[in-house]
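Working notes for the structure below.
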Amino acid sequence: METISHTSQAKPNYLNADYGLKSWLLTTDHKRIGILYLISISVFFVLGGFFAMLIRLELLTPAGDLVLADTYNKLFTMHGVVMIFLFLLPAIPSVFGNFLVPMMVGAKDLAFPKLNLASWYIFMIGAGFIMYSVITGGLDTGWTFYTPYSTTYSNSNVVAAALGVFITGFSSIFTGLNIIVTVHRMRAPGLTWRRLPLFIWAHYATSVIMVLGTPVLAVTIVLVALERLFHFGIFDARYGGDPLLFQHLFWFYSHPAVYIMILPAMGVISECIACFSRKRVFGYDFVAMSSIAIAVLGFLVWAHHMYVAGISTYAALIFSLLTFFVAIPSAVKVFNWTATLYKGSITFETPMLYVFAFIGLFTIGGLTGVFLAAVGIDLHVTDTYFVVAHFHYVMVGGTVTAFLAALHFWWPKMTGKMYPENFSKASALLVFIGFNLTFFPQFLLGYLGMPRRYHAYPAEFQVLNVLSTAGASILAVGFLMPMIYLAWSLQYGKDAGDNPWHAAGLEWKTSSPPPTFNFDETPTVTWEAYNYDEIDAPGGPTHNKGVEVAG
Amino acid sequence: MPDNQVATQDLKHHFADLEHQKATSTFGMWIFLITEIMFFGGAFAAYLVYRLYYFNAWVAGSQTMEIKLGAINTVVLICSSLTMVLSVHFAKLGKRKLTAICLLLTLLLGCTFLGVKAVEYHGHWMHHEVPGPNFHFEHEGNYDPHQVMIFFSLYFAMTGLHALHMIIGAGLLIWLLIFNARGRFTPEYNTPVEMVGLYWHFVDLVWIYLFPLLYLISHSHNG
Amino acid sequence: MSSHAHHPTVKTFVAVWIALLVLTAVTVYVATLDLGPLNPIVALTIATVKALLVLLFFMELRYSTALTKVGVTAAIFFLLILIWLTLSDYLTRGWSSYIHPFH
Amino acid sequence: MWEHLPLFPARASTMAGHVDALYFALVAIAAFFTFLVSALILFFAIRYRKARNPHATQIHGSTALELLWTGIPLGIVMMIFVWSAVIFFMQTRPPKGAMEVYLVGKQWMWKFQHTEGQREINELHVPAGRDVRMVMTSQDVIHSFYVPAFRIKADVLPGRYTSTWFHATTPGHYHLFCAEYCGTQHSGMIGEIVVMDPVEYDKWAASGVDGSLASAGEKSFQHYGCSMCHRADNAGRGPNLTSVFGHQVLLDDGRTITADESYIRESILNPGAKIVSGFKNIMPTFEGQLSEDEVIGLVAYIKALGNGTANLPLPVSEPNSGAYPVAPKPEGSAAKSDKTATTPEKNGAAKPAARQ
Ligand code: HEA
Ligand code: HEA
Ligand code: CUA
Ligand SMILES: [Cu+2]
């Protein structure tokens with residue numbers, strides 16, 4: 001490693017290595033591809049958020065007078081499709097996974113750089129199909145595409161959207177493939193499995209799900225399209241087909257997919273919490289293994305989405321039992337993170353605030369998942385706002401919060417600039433307050449019995465809905481702010497230096513922004529992950545030379 | 001590891017040496033094949049569910065399959081697997097001409113398979129056995145024609161996806177032939193041939209299951 | 001065979017090829033016999049033997065790293081999960097959760 | 001004020017109490033863990049903030065702790081599982097002798113048929129204090145029958161019957177929602193459950209109907225020519241339907257299944273789907289000829305045949321002679337065929353037949 005220059009901009013890095021649109025669109029540098037993903041998914045997040053705000057506005061009044069029923073149905077469908085397939089699934093793995101995995105394992109790039117670029121193009125083509133369906137009249141099946149509504153009764157552009165989801169699926173598969181192979185084959189000398197950052201473990205587990213689960217969604221979508229185009233009858237009761245078979249195949253992917261969304265987020269949390277409490281993550285082995293356990297057990301529980309759908313009572317019980325098991329590794333993680341704080345030396349930079357928010361909100365979201373796992377309760381609350389609240393707590397309170405933590409934590413790494421700490425703290429607070437105000441009332445609504453996907457509702461539910469909409473407005477401001485100040489910081493932000501957090505991890509041992517091939521020389525690892533004791537020790541060890549050492 | 005290998009145009013910058021690169025590619029290809037297993041697996045699961053539920057219809061549908069054509073195609077595919085594995089073998093030995101011949105044979109056998117499949121499809125078409133509003137099925141047996149249509153739906157979906165894989169495979173073979181003609185493969189660098197080989201064998205493997213499931217296992221039942 | 005550096009020879013390939021052809025002939029022949037519930041079992045067993053031959057020799061899984069073998073096993077494992085748990089619904093639906101009012 | 005901000009749903013069925021009890025337990029557990037984790041985080045954050053604790057103490061972990069916090073949650077969730085499974089069995093297994101209401105869902109309305117013959121749309125009258133079993137099917141997409149006050153929900157599927165049941169406790173008006181997204185007017189597919197005093201209900205059920213559901217079914221049975229093949233003297237080309245419902249049926253592929261509503265329905269609409277052992281697949285399909293309502297009538301009739309409260313129209317045998325000894329409950333044999341299988345004794349007794 002070279003010595004640190006304080007004007008990192010002067011150093012050649014992946015950003016200034018080459019100029020012009022072409023140099024970005026044809027890049028095979030995993031970091032640039034990460035940035036391409038970041039830009040794309042941000043656009044889709046704003047779009048999905050726009051749909052969300054229209055949903056919330058519509059639900060301000062019980063009568064359903066802002067938009068037509070059909071329009072409303074398209075709004076929540078497109079909100080769900082865009083948020084899940086175009087934002088949350090790729091959010092952390094494709095942006096931060098792409099950017100960080102090679103650096104964290106000490107490699108020059110992912111194993112298959114061209115495939116990586118292809119993944120982005122595939123993603124954009126798939127997104128193009130989904131956008132085409134949005135523009136040509138929208139999609140109104142719900143993000144779950146349930147048959148026979150989607151195959152026979154919907155008048156919207158199902159085939160284009162389904163094709164879009166099919167195509168983005170391959171982007172996901174290739175990203176997962178690339179990460180698995182990279183972790184196995186491209187690790188720097190000395191970087192044993194038990195020295196890997198937990199971020200890598202989480203991404204590895206995620207990739208396993210991507211590779212094993214996504215193809216099943218793909219073939220299911222092919223069958224839906226065939227059914228819609230040629231009346232194949234496989235899912236159509238009129239021809240003796242079983243609509244529930246679709247649900248089985250869909251959830252075989254889509255339940256594990258929720259772990260595609262949360263596992264990388266958990267990886268982010270492990271990195272941040274270690275850094276800002278200057279400690280090794282408590283129970284490293286257990287946290288690492290719980291990621292794998294979640295990935296494996298996650299494949300055994302899918303029919304908990306179908307308790308009332310007409311499956312057999314016995315199957316419902318089996319799936320309920322298995323679902324309770326999958327909650328345990330998440331509990332292990334939460335407790336280990338909490339224990340990491342014990343006897344730490346804690347500071348409260350913005351990423352850490354998001355970490356605290358994550359743990360609290362994920363705990364609530366996860367525990368309400370346990371409510372849903374209990375068949376006796378789920379019978380009452382399934383397909384109500386209770387479920388909507390549950391999954392926003394884990395997906396927004398969990399993953400989006402972790403995404404923001406990651407964005408702030410690695411922003412200096414990616415851009416060489418610091419974000420403004422005051423603004424970011426204010427926005428973190430807004431997100432936290434706005435989020436809870438938006439989604440907590442929905443638990444109450446759900447238990448009261450307000451069904452989801454309702455364009456109009458009985459008047460007694462109004463007050464809670466108004467609260468929720470009010471919260472969503474605060475939340476929108478909270479999400480808007482980072483977009484503004486982060487963009488601002490690109491020009492006017494303070495220079496970050498190479499390692500503003502004095503963080504452990506190979507990605508911080510190169511300059512910020514990193515050079516094109518990450519490391520001038522392939523590092524040889526001789527230390528454990530999260531060696532904060534060595535970093536913070538006076539004088540620091542040799543491998544850490546050059547990093548300003550605090551205390 | 002210091003880079004003591006002669007760097008060739010084939011070595012990508014982020015690998016230590018050619019061996020590392022090849023091992024990585026092979027592993028990547030296997031992961032891809034794993035996704036393929038799950039892809040066809042979804043359709044197999046659907047097949048299994050309905051076979052258990054609609055056994056009579058499955059027997060009826062399956063008995064209209066031309067076992068002879070199916071068997072011919074199985075043999076064709078097995079032969080193509082042999083020629084494929086030989087082309088990999090010769091590519092590794094650097095025997096360009098033999099590689100080319102074997103690749104060409106594989107391609108021809110692949111096309112034969114698709115041709116036979118087309119004949120079968122045509123037959124089903126003529127007999128109104130293609131799912132959809134024009135589906136019509138009348139044979140001996142206690143079955144529900146709707147359910148026979150589901151059999152045919154799965155038949156077409158599964159063999160169709162398989163044929164699609166064959167077409168892609170044929171494209172890859174042509175690409176290999178061109179590269180081989182340009183002399184791009186050497187005893188040191190022949191990864192693409194090997195990768196396409198893996199893919200081709202996998203497609204063969206799918207057929208090894210499709211053939212008994214669709215043509216054979218219900219054949220002798222006269223419910 | 002010995003270590004993984006040892007690759008199969010043309011002779012092995014041809015032997016495997018012949019085995020595959022023979023197995024195909026056998027499975028086609030067996031299909032014409034009425035063995036009742038044994039028919040699918042025999043056919044699928046033969047198919048699995050054929051698949052293993054292709055996997056192990058043509059695809060050289062036999063000479064691959066342990067990692068690759070683990071990967072393929074995992075895929076088959078999850079495929080079986082998909083099938084098995086799906087069937088856990090379909091096969092128990094008939095055990096009607098519904099009471100028999102006339103017993 | 002609480003009308004505008006209700007925080008808890010009405011409790012109007014015997015199930016509600018069970019579900020709520022588990023719910024409260026779960027809320028308590030969730031609150032406990034949420035507060036525990038939050039309190040610990042807050043405490044550590046303050047106690048070990050950098051200003052107060054400038055140097056972190058490295059701790060690798062503790063297997064004892066790991067086991068503890070794996071084991072305790074595991075124990076808790078297993079208890080929840082057992083508890084919820086017990087409730088689930090209650091929810092999914094209707095008690096014997098429940099009265100039955102048939103439901104057909106379609107985009108976007110609910111159609112109900114009482115066995116007494118009453119028909120309703122988007123409004124369902126039921127008696128308090130009795131078990132009511134819903135037998136449900138859909139004419140198009142999937143819907144879901146949801147009554148929050150009863151804490152029950154079940155999807156309504158095309159092509160088969162699903163069922164759920166409840167025992168309403170408190171007379172009143174309750175929401176009925178469609179809980180499975182079903183297209184444009186999904187949110188308009190709502191209705192009302194009117195829980196009535198049992199005596200009132202019987203009055204209501206008996207007023208202005210011209211015959212029970214089963215008797216309507218009997219008419220269809222003759223009208224569509226079913227009686228030509230299905231005869232009580234076993235001389236028809238089809239099986240004798242007298243003691244089919246609720247019994248085991250041997251199929252020609254060797255399987256045995258219990259004849260429930262879905263099976264009867266399938267036998268009528270897709271006769272080829274399951275063939276009764278010893279018969280040929282000659283029964284024509286009646287799909288497209290029968291409306292869902294007529295199918296329900298036929299099902300109710302065949303059900304009534306099954307428990308002896310109705311007879312096959314049979315010219316050679318005198319009516320009500322007990323010629324069908326297989327019927328396990330001879331209770332109905334005295335009544336005319338318009339008394340259905342499903343009317344439980346107490347209901348039957350209370351029924352003021354004369355008021356028609
Ligand atoms: C990031 C996404 C994400 C995550 C991580 C989860 C996590 C979990 N989910 Fe969730 N879920 C969704 C996204 C997610 N879910 C979505 C999108 C839907 C709806 C889809 C749709 O219909 O549109 C859904 C729906 C859904 C249902 C179906 C509801 C219905 O439709 O009726 C169920 C039922 O079992 C469920 C359960 C769970 C469980 C048990 C977990 C567990 O993994 C949670 C584990 C975590 C914890 C338990 C918290 C931490 C633990 C402690 C602090 C210790 C104490 C713990 C105990 C005592 C147990 N989820
Ligand atoms: C990643 C997943 C994700 C995310 C992030 C969100 C975010 C939000 N969701 Fe989402 N939601 C889903 C996934 C997600 N949702 C899914 C899968 C469904 C089910 C769909 C279905 O039933 O098929 C659903 C359904 C759903 C419903 C239920 C609809 C119904 O059933 O009828 C509601 C209702 O309140 C809702 C609200 C919101 C809100 C207020 C946000 C907010 O957090 C969004 C806030 C973000 C922004 C607003 C964008 C950024 C802000 C700016 C750029 C500022 C400027 C913009 C404006 C002022 C407009 N969502
Ligand atoms: Cu019917 Cu929703
Ligand atoms: Cu789930």
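All chains are named by letter (A, B, ...) in the order of the sequence lines, taking the proteins before the strands, and each is independently numbered beginning at 1.
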**Request:** Go through the steps for D:Lys50 and A:Ser345 under the test side chain to side chain contact (heavy atoms under 4.5 Å, CB included), then give the verdict.
**Result:** CA-CA 4 Å; D:Lys50 188 171 186 167; A:Ser345 175; 3.4 Å; yes
Side chain to side chain contact (heavy atoms under 4.5 Å, CB included) between A:Tyr72 and D:Ser187, intermediate numbers included:
CA-CA 11 Å; A:Tyr72 181 81; D:Ser187 58; over 6 Å; no
Step by step, work out the side chain to side chain contact (heavy atoms under 4.5 Å, CB included) result for D:Trp69 and A:Asn336. CA-CA 9 Å; D:Trp69 62 47; A:Asn336 276 297; 3.4 Å; yes
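Side-chain atoms of D:Glu66 and A:Val332, non-hydrogen and from C-beta on, do get closer than 4.5 Å to each other. A heavy-atom distance below 4.5 Å is not found between the side chains of A:Ser277 and D:Phe44. Between D:Thr63 and A:Phe286, some side-chain heavy-atom pair lies under the 4.5 Å cut-off. Side chains of D:Val77 and A:Phe325 form no contact here, defined as non-hydrogen atoms less than 4.5 Å apart. Side-chain contact check for A:Ser320 versus D:Phe81: some heavy-atom pair is nearer than 4.5 Å. Looking only at side-chain heavy atoms (C-beta outward), D:Phe88 and A:Leu317 come within less than 4.5 Å of each other. Counting heavy atoms from C-beta outward, A:Tyr447 and D:Arg151 have side chains that approach closer than 4.5 Å. Using a 4.5 Å heavy-atom cutoff, the side chains of D:Leu22 and A:Phe371 are not in contact.
For a residue to count as touching a neighbouring chain, one of its non-hydrogen atoms must lie under 4.5 Å from one of that chain's; by this rule D:Gln107 touches chain A with the side chain only. When heavy atoms are compared at a cutoff of 4.5 Å, D:Phe89 approaches chain A solely by way of its side chain, counted from C-beta outward. For a residue to count as touching a neighbouring chain, one of its non-hydrogen atoms must lie under 4.5 Å from one of that chain's; by this rule D:Cys178 touches chain A with backbone and side chain alike. Interface remark: D:Thr184 contributes backbone and side-chain atoms alike to the contact with chain A (heavy atom separation under 4.5 Å). Contacts between D:Ile41 and chain A at a heavy-atom distance below 4.5 Å involve backbone atoms as well as side-chain atoms. Looking at D:Thr164, neither its backbone nor its side chain comes within 4.5 Å of chain A, counting heavy atoms on both sides. Contacts of A:Tyr239 with chain D are absent, with no heavy-atom separation under 4.5 Å from either backbone or side chain. At a 4.5 Å heavy-atom cutoff, the contact between D:Ile190 and chain A is made by side-chain atoms alone. With a 4.5 angstrom heavy-atom cutoff, A:Val375 touches chain D via backbone and side-chain atoms both. Neither the backbone nor the side chain of A:Thr152 comes within contact range of chain D, judged by heavy atoms closer than 4.5 Å. With a threshold of 4.5 angstrom between heavy atoms, A:Phe362 does not approach chain D through any atom at all. Contact of D:His175 with chain A is made through the side chain alone, with heavy-atom distances under 4.5 Å. Using a 4.5 Å cut-off between heavy atoms, D:Val147 makes no contact with chain A at all.
The greatest number of non-hydrogen atom pairs below 4.5 Å with chain A, out of D:Gln185, D:Arg47, D:Arg52, D:Met78, is found for D:Met78. Considering only heavy-atom pairs separated by less than 4.5 Å from chain D, the leading option among A:Leu444, A:Leu321, A:Thr382 is A:Leu321. Chain A forms more heavy-atom pairs under 4.5 Å with one residue of D:Ile152, D:Leu65, D:Ile142 than with any other, namely D:Ile142. Chain D forms the most heavy-atom pairs under 4.5 Å with one residue out of A:Ala69, A:Pro243, A:Pro458, A:Ala331, and that residue is A:Pro458. Heavy-atom pairs under 4.5 Å with chain D peak, among A:Thr144, A:Asp378, A:Leu367, at A:Leu367. Per-residue counts of heavy-atom pairs under 4.5 Å with chain A were compared for D:Ile87, D:Leu40, D:Thr70, D:Ile59; the largest is that of D:Ile59. For the set D:Gly188, D:Ala179, D:Gly159, the count of heavy-atom pairs under 4.5 angstrom toward chain A peaks at D:Ala179. Ranked by heavy-atom pairs under 4.5 Å with chain D, the list A:Ile346, A:Leu68, A:Asp383, A:Leu341 is led by A:Ile346. Interface summary for chain A: among D:Ala56, D:Ser38, D:Ser144, D:Ala51, the most heavy-atom pairs under 4.5 angstrom belong to D:Ala56. Listed options A:Thr71, A:Asp285, A:Thr141 were ranked by heavy-atom pairs under 4.5 angstrom with chain D; first place goes to A:Thr141. The most heavy-atom pairs under 4.5 Å with chain D, out of A:Ala309, A:Ala456, A:Ala237, A:Gly310, come from A:Ala309. If you tally non-hydrogen atom pairs under 4.5 Å between each of D:Leu42, D:Thr162, D:Leu74 and chain A, the highest count goes to D:Leu74.
Taking the centre of each ring, D:Tyr181 and A:Tyr149 come in below the 6.0 Å mark.
Counting only distance, with no hydrogens or angles, the side chain of D:Lys153 and the backbone of A:Leu379 share a donor-acceptor pair below 3.5 Å. Side chain of A:Thr363 to backbone of D:Thr34: no donor-acceptor contact under 3.5 angstrom is found. No side-chain donor-acceptor contact under 3.5 Å links A:Asp533 to the backbone of D:Gln58.
Taking both residues in full, the closest heavy atoms of A:Leu464 and D:Pro6 are given as CD1-O, 4.0 Å, listed atom of the first, atom of the second, then distance. Of all non-hydrogen atoms in D:Ala45 and A:Phe356, the two that sit nearest each other are CB-CZ, 4.2 Å. Contact detail for D:Gln91 and A:Gly376: the closest heavy-atom pair is NE2-O, 3.1 Å.
A:Gln247 contributes atom CD, which lies 7.0 Å from atom CG of D:Asp155 (distance to the nearest 0.5 angstrom). The line from CZ of A:Phe335 to CG of D:Leu36 is 6.5 Å long, rounded to the nearest 0.5 Å. In this structure, D:Thr92 OG1 and A:Tyr307 OH are separated by 13.0 Å, a value rounded to the nearest 0.5 Å. Considering NZ of A:Lys279 and NE2 of D:His55, their distance stands at 15.5 Å, rounded to 0.5 Å.
By the 6.0 Å contact criterion, CZ on D:Phe8 is enclosed, its count of non-hydrogen atoms from other residues, nucleotides or ligands being greater than 12. When the shell of 6.0 Å around CZ of A:Phe440 is examined, it contains 12 or fewer heavy atoms from other residues, nucleotides or ligands.
Shown are A:Tyr457, A:Tyr146, A:Tyr454, A:Tyr153; of these, the ring-ring contact (aromatic ring centres under 6.0 Å, His included) with D:His186 is made only by A:Tyr454.
Between the side chains of A:His380 and D:Tyr146, at least one donor N or O sits under 3.5 Å from an acceptor N or O.
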